[in-house]
Number of protein chains: 2
Amino acid sequence: MADTDTGTPRERYRAQVRAEVKRHAWEQLAAAGASALSLNAIAKRMGMSGPALYRYFAGRDELITELVRDAYRSLADTLRETAAAEPGLPALAHALRDWALRDPHRYFLVYGTPVPGYHAPDDITSLAREIMATLLDACAALPPNVPAPSPAGSGTPFDSHLAEHRQWAGDHPAAPAALHRAVVLWTRLHGVLSLELAGHFTGMGFDPALLFASELDALAGPVAH
Amino acid sequence: MADTDTGTPRERYRAQVRAEVKRHAWEQLAAAGASALSLNAIAKRMGMSGPALYRYFAGRDELITELVRDAYRSLADTLRETAAAEPGLPALAHALRDWALRDPHRYFLVYGTPVPGYHAPDDITSLAREIMATLLDACAALPPNVPAPSPAGSGTPFDSHLAEHRQWAGDHPAAPAALHRAVVLWTRLHGVLSLELAGHFTGMGFDPALLFASELDALAGPVAH
DNA sequence: CGTGATGAGTTACAACTTATAACGAACGCG
DNA sequence: CGCGTTCGTTATAAGTTGTAACTCATCACG
């Protein structure tokens with residue numbers, strides 16, 4: 001959120017209105033998804049008439065971009081704080097799952113079907129990198145006795161490929177196995193979460209939470225819980 | 001596709017027009033995604049004026065439902081034919097990946113962010129079950145010496161949970177480890193595919209195809225390729 | 001403390017969209 | 001061959017995003 005108590009009175013007011021627009025946007029988004037987001041409806045709920053919002057957002061795209069940015073920031077903050085408070089992969093994974101279940105539409109805003117003409121600005125890709133860095137930190141700090149993500153162990157073809165293409169990890173001094181673990185932690189947990197949130201498990205009978213826990217255990221090593 | 005050469009001339013014409021509408025819909029969908037699908041634009045491209053399409057589809061929702069149905073059917077057919085022609089998990093997985101890459105928007109129509117008010121009709125859930133059945137068949141036919149999906153081996157808590165909640169598998173006589181393998185085959189490959197198609201790997205440096213192959217190897221057992 | 005620029009909010013409008021209603025014309029079945 | 005079903009049309013309603021022009025409050029500055 002932008003500062004709401006700094007700058008000139010005009011800037012303060014502007015920040016407040018922008019914040020309130022986003023508040024209503026989140027409500028509308030949580031209720032009916034991104035495609036149902038209507039500037040007109042938000043304006044009417046705030047007691048103003050349609051075009052007034054164009055003083056605050058250049059259009060629907062800018063509002064959505066802002067929401068995506070806030071969602072990324074929220075996830076990055078949540079993971080970082082969790083990693084600081086309770087180290088280890090399980091805490092991180094469950095923080096991710098809780099964050100996703102708290103507001104599924106927000107998760108889909110980040111990791112769901114991309115909107116047609118949308119290209120993420122630079123600051124969003126840096127937030128995405130921060131998320132991956134948090135996962136990678138946790139994977140690098142893992143004791144060396146947990147099993148590798150692939151049954152074949154370390155030194156798989158993908159391990160060496162990752163070791164040579166690690167710019168996504170910045171200059172993180174992680175072993176290839178840690179890089180591999182971080183990537184598949186991401187993709188596997190996302191695989192379970194996205195299908196669960198989209199409702200593809202309903203009617204199948206099993207408990208998605210147990211599947212999530214099973215996938216987590218396969219990567220974090222079995223721990224007491 | 002509905003039969004285009006049976007029934008009365010009226011029914012034939014009707015089926016042809018419906019098919020052509022869907023053809024244009026797929027073009028528009030592949031170009032700009034589901035949210036950009038416009039009945040008006042389709043009508044104009046076909047040389048008729050807007051409301052004419054309502055003779056053929058009750059509305060946008062029914063058209064999209066029909067496209068989702070066709071997408072499911074196409075995937076189910078592709079997987080079934082692949083399984084018949086070349087048994088084994090690798091062929092199945094690569095058929096899935098090829099199908100997804102051929103038309104990413106079609107993949108998202110099936111496994112992407114759900115549309116707000118949409119509930120899948122029964123015949124679509126049965127197509128989804130057919131897809132899972134194909135995966136499960138391939139997993140059940142696997143030689144018993146491939147490593148289990150979890151490092152802890154068979155008999156994990158989730159294995160027994162799945163053994164007790166297997167209605168999604170119908171009355172398939174698969175071992176718990178096969179059920180587990182089929183589910184995680186689905187979720188892990190979807191995890192990689194959906195993030196790849198959404199562009200979340202661009203700029204990270206590594207090759208998504210190798211990650212996909214790595215995840216597949218971890219489930220199918222290392223094979224020559 | 002006034003005065004003037006800045007900016008907020010308003011209405012009006014254009015160009016879209018989905019969807020319904022009413023009408024004429026064409027088609028095909030008996 | 002005629003009559004009814006159905007198709008395609010236009011007109012209309014109720015939305016949407018977004019721009020333009022105008023009013024008026026507010027804020028800053030001399």
Side-chain angles (χ1 to χ4, degrees), chain A residues 2-25 27-29 31-68 115-118, chain B residues 2-29 31-68 109 115-118:
Chain A
D3 289 330
T4 177
D5 46 41
T6 64
T8 71
R10 281 233 144 102
E11 283 170 347
R12 254 184 303 170
Y13 180 73
R14 195 179 168 75
Q16 283 177 3
V17 173
R18 270 181 78 100
E20 191 177 346
V21 170
K22 289 205 277 183
R23 245 195 40 229
H24 285 92
E27 282 177 19
Q28 202 168 314
L29 201 96
S35 60
L37 211 157
S38 158
L39 292 188
N40 245 310
I42 292 175
K44 285 187 179 171
R45 269 202 202 176
M46 290 178 62
M48 3 193 252
S49 260
L53 289 199
Y54 287 81
R55 297 270 174 200
Y56 300 95
F57 294 93
R60 225 183 84 112
D61 282 6
E62 189 189 304
L63 175 56
I64 289 186
T65 299
E66 195 75 10
L67 298 179
V68 172
V115 291
Y118 174 79
Chain B
D3 290 328
T4 178
D5 47 42
T6 64
T8 72
R10 280 235 144 101
E11 282 169 348
R12 254 184 304 171
Y13 179 73
R14 194 178 169 75
Q16 282 177 2
V17 174
R18 270 182 77 99
E20 191 178 346
V21 170
K22 290 206 276 183
R23 245 195 40 230
H24 285 92
W26 278 116
E27 281 178 20
Q28 202 168 314
L29 200 94
S35 59
L37 211 158
S38 156
L39 291 187
N40 245 308
I42 292 174
K44 283 188 180 169
R45 269 203 203 174
M46 290 179 62
M48 2 193 253
S49 260
L53 290 199
Y54 287 81
R55 298 273 175 202
Y56 301 94
F57 293 93
R60 225 183 85 112
D61 283 5
E62 188 189 305
L63 176 57
I64 289 187
T65 298
E66 195 75 8
L67 298 179
V68 172
L109 212 53
V115 291
Y118 174 78

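Everything numeric here is computed off the predicted structure, so don't read it as measured data.
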Take atom CZ of B/R14 and atom C1' of D/dT5, then tell me their distance rounded to the nearest Å. 12 Å
Atom-pair distance (CD on B/E62; P on C/dA19), nearest Å: 11 Å
Give the rounded distance in Å between these two atoms: CZ of B/R12 and P of C/dC27. 14 Å
Looking only at side-chain N and O atoms, does B/N40 come under 4.0 Å of OP1 or OP2 in C/dT18? yes
Which atoms form the tightest heavy-atom contact between A/A34 and A/L29, and what is the distance? CA-CD1, 3.5 Å
By the 4.0 Å heavy-atom rule, please label B/R60 as base, sugar-phosphate, or nothing. sugar-phosphate
Should B/Y13 be listed as having a side-chain N or O under 4.0 Å from OP1 or OP2 of D/dG8? yes
Could you state the CD1-P distance from A/I42 to D/dG15, rounded to the nearest angstrom? 17 Å
Presence of donor-acceptor pair under 3.5 Å, side chain of B/R55 and base of D/dG8: yes
Rounded distance in Å - CE (A/M46) to C1' (C/dA8): 12 Å
Euclidean distance, atom CZ of residue B/F57 to atom P of C/dA19 [Å, nearest integer]: 13 Å
Contact summary for B/G50 and B/N40, nearest pair of heavy atoms: CA-OD1, 3.6 Å
Would you mind telling me which of C/dT20, D/dC7, D/dG18 lies closest to the side-chain atoms of A/L39? D/dG18
Give the rounded distance in Å between these two atoms: CG of B/L53 and P of C/dT17. 12 Å
Report yes if a side-chain nitrogen or oxygen of B/R10 is closer than 4.0 Å to either non-bridging phosphate oxygen (OP1 or OP2) of D/dT5; otherwise report no. no
OP1 or OP2 of C/dC16 less than 4.0 angstrom from a side-chain nitrogen or oxygen of B/S38, does that happen here? no
Distance-minimising heavy-atom pair for A/A36 and A/Q28: O-NE2, 3.0 Å
Heavy atoms under 4.0 Å, any strand shown: does A/Y56 hit a base, just sugar-phosphate, or nothing? sugar-phosphate
d(A/Y13 OH, A/R10 CZ) to nearest 0.5 Å is 10.0 Å
Heavy-atom closest pair, residues B/I42 and B/L53: CG2-CD1, 3.9 Å
What is the distance, rounded to the nearest whole Å, between atom CG of A/L37 and atom P of D/dG18? 11 Å
Which residue lies toward the 5' end of DNA chain C, B/P9 or B/G59, if each is placed at its nearest nucleotide? B/G59
